[in-house]
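Along the sequence shown, the residues carry numbers beginning at 1. The model shown is predicted, which means the values in this text are computed figures rather than measured ones.
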Amino acid sequence: MNRQTRIFAIATLLFATTLSAVAQNSHKLNRYLDSVLSVRYHRADIDTNYVVRPDKKWTLTGRLNVSGARIMGEGKREGEPFETRLTADYKTTVCVGVSYMGLSAFLALNPGKLLGKYNDYELNFQSYSPRFGFDIAYQDAHNFTGWYEVGGAHHDVTTSEEMFRLRTLNVNAYYVFNNRRFSYPAAFVHSYIQRRSAGSFLLAMSGQGQHGKIAGEEDALEDINRQMDFKMTNVAIGGGYGYNYVPANGWLIHFSALPTYIFYTQTSVTLGDTKAHIHHNFPEGILTTRAAVVKQIGRNKVAGLSVRYNYTLIGDADALAIHNQKWRTRLYFGIRL
């Protein structure tokens, strides 16, 4: 064996030894991470007569989301009553994802946006655990249809990106008192399974930030709405109740309502060169409701339908009151592996 052959043989042996060591270390790391996640996954403080974890570690999911928003205003301007209703175009997204022992990653596509039908943007983030959880929803919307009335005269409105823009942030957090027997995740993220009916009182905190601009042409919106800008910030606290009803093996029906009362608000409306602040009027509040129907199919499949609805009321109808509505419906199917 010549010198070059010996060098090549030694290098090959060292390379193979290095790969073997890396593979062994990687295998040990994967086993360690899997062990840590498994302990975290199964040691949840729950009453297993009511709530259990799924047997499978992996879940492949598909989702269809449809969401919408509406803003309504009413009041008086120089003694004349006015009222407006504007509804945003529906947003539809198709989502696929994978979950491993409670940790999830998803990819969502909006067919309408990809086809250039509108430029609206929406982002939803949620985290549900047995004791604590929250929803965050952000929407940047331009395309609205609706109407307004001033002094009894009715006008139809269809907005465009240049004409109207509404940016909204909704945040809702909850705390579950009976978290060992009542499971929010069983209804909405399916990382738990509700075996028996149970309910719980809930503590809730809500927040909303909104910024809207209306800058239409003079003939389109006339003086009442031309160059209008409004901003609002609301923080609320309250409580409610949620119930998971199990009518038969494999079925779950959920409903919860979380009314919260606004204790901090800062709202202003600028119309032309005039800026006005809306003062706090009790009661003003934010209502968050959730509903879901879930079906466990066999040993490794799950399907469900869920709805989340947010409603905010601020102001006084004798001056200016603003009503906000935001909702999302989700159709879900998953396979556990």
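For R63, there are no salt bridge (charged side-chain N to carboxylate O under 4.0 Å, His left out) partners, not counting sequence neighbours.
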Assess the residue pair W147 and H155 against the criterion (ring pair (Phe, Tyr, Trp, His ring centres under 6.0 Å)); give the C-alpha distance rounded to whole Å, side-chain angles, the decisive distance to 0.1 Å, and a yes or no. CA-CA 5 Å; W147 52 267; H155 305 269; over 10 Å; no
Check against ring pair (Phe, Tyr, Trp, His ring centres under 6.0 Å), Y332 and H190: CA-CA 10 Å; Y332 173 99; H190 314 107; 4.1 Å; yes
CA sep, side-chain torsions, deciding dist, call: Y241, F201, ring pair (Phe, Tyr, Trp, His ring centres under 6.0 Å): CA-CA 4 Å; Y241 192 82; F201 288 102; 5.0 Å; yes
Could you give me the CA-CA distance, side-chain angles and deciding distance for V176 and L202, then say whether side chain to side chain contact (heavy atoms under 4.5 Å, CB included) is met? CA-CA 5 Å; V176 179; L202 308 167; 3.6 Å; yes
Under the side chain to side chain contact (heavy atoms under 4.5 Å, CB included) criterion, do H254 and F182 qualify, and how do the steps go? CA-CA 10 Å; H254 168 90; F182 168 83; 3.7 Å; yes
So W327 and Y90, ring pair (Phe, Tyr, Trp, His ring centres under 6.0 Å) or not? Walk me through it. CA-CA 10 Å; W327 59 268; Y90 294 156; 5.5 Å; yes
Apply the test side chain to side chain contact (heavy atoms under 4.5 Å, CB included) to residues L86 and R70: give CA-CA distance (whole Å), side-chain angles for both, the deciding distance (0.1 Å), then the verdict. CA-CA 6 Å; L86 293 174; R70 175 180 293 179; over 6 Å; no
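Separation of atoms CE (M232) and CD1 (I322) is listed at 3.5 Å; rounding is to 0.5 Å. Note: D135 CG to T288 OG1 = 8.0 Å, rounded to the nearest 0.5 Å. The CZ atom of F333 sits 10.5 Å away from the CG atom of L60 when rounded to the nearest 0.5 Å. Rounded to the nearest 0.5 angstrom, L258 CG and L287 CG are separated by 8.0 Å. We find the CD1-CG distance between I136 and N172 to be 10.5 Å, quoted to the nearest 0.5 Å. For the atom pair W251 CH2 and K295 NZ, the distance stands at 6.0 Å (nearest 0.5 Å).
Note on R181 versus D47: salt bridge recorded, some NZ/NE/NH1/NH2 to OD/OE distance being below 4.0 Å. The pair R336-D55 fails the salt-bridge criterion, with no side-chain N (NZ, NE, NH1 or NH2) lying under 4.0 Å from an Asp/Glu carboxylate O. One finds a salt bridge joining E122 and K326 here, because a Lys/Arg side-chain nitrogen approaches an Asp/Glu carboxylate oxygen to under 4.0 Å.
Taking the side chain as every heavy atom from C-beta outward, L64 and R330 never approach each other to under 4.5 Å. Between T267 and I314, the closest side-chain pair of non-hydrogen atoms falls below 4.5 Å. Using a 4.5 Å heavy-atom cutoff, the side chains of Q296 and I193 are in contact. You'll find the side chain of Q208 reaches within 4.5 Å of the side chain of N234, heavy atoms only. Side-chain contact between H323 and E74: present, with at least one pair of heavy atoms (C-beta onward) separated by less than 4.5 Å. V96 is not listed as a side-chain neighbour of T61, based on a closest heavy-atom distance of 4.5 Å or more. Between I237 and F263, some side-chain heavy-atom pair lies under the 4.5 Å cut-off. Side-chain contact between N249 and R195 is absent, with no heavy atoms from C-beta onward closer than 4.5 Å.
Side chains of H211 and D229: a donor-acceptor N/O pair is present below 3.5 angstrom, by distance only. There is no side-chain donor-acceptor pair under 3.5 Å between Y192 and Q194. For the residue pair Q325/N310, the side-chain donor-acceptor check at 3.5 Å is not satisfied. Between the side chains of R180 and Y50, no donor-acceptor pair of N or O atoms lies under 3.5 Å. Defined by atom type and a distance below 3.5 Å, a donor-acceptor pair is present between the side-chain atoms of T168 and Q210.
In this structure, F106 places its CZ atom where more than 12 heavy-atom neighbours from other residues, nucleotides or ligands lie under 6.0 Å away. Within 6.0 Å of atom CD in Q126, more than 12 heavy atoms from other residues, nucleotides or ligands are found, so the atom counts as buried in its surroundings.
Here the shortest heavy-atom pairing between R85 and G73 reads NH1-O, 4.0 Å. Nearest heavy atom pair, residue A187 against residue N244, reads CB-OD1, 4.4 Å. The nearest pair of heavy atoms linking P54 to S191 is CD-O, 3.2 Å.
Criterion: ILVMFWY side-chain heavy atoms under 4.5 Å apart, direct or through other members. Under it, V189 and F134 are not part of a common hydrophobic cluster. Under a hydrophobic clustering in which Ile, Leu, Val, Met, Phe, Trp and Tyr are joined whenever their side-chain heavy atoms come within less than 4.5 Å, directly or via other members, V94 and L107 fall into different clusters.
Without hydrogens or angle criteria, S197 side chain to V246 main chain gives a donor-acceptor distance under 3.5 Å.
Checked against the 6.0 Å centroid threshold, Y175 and F132 do not count as a close aromatic pair. The aromatic ring centres of Y128 and F188 sit less than 6.0 Å apart.
A cation-pi arrangement is present between R290 and Y184 under the rule of less than 6.0 angstrom and at most 45 degrees off the ring axis.
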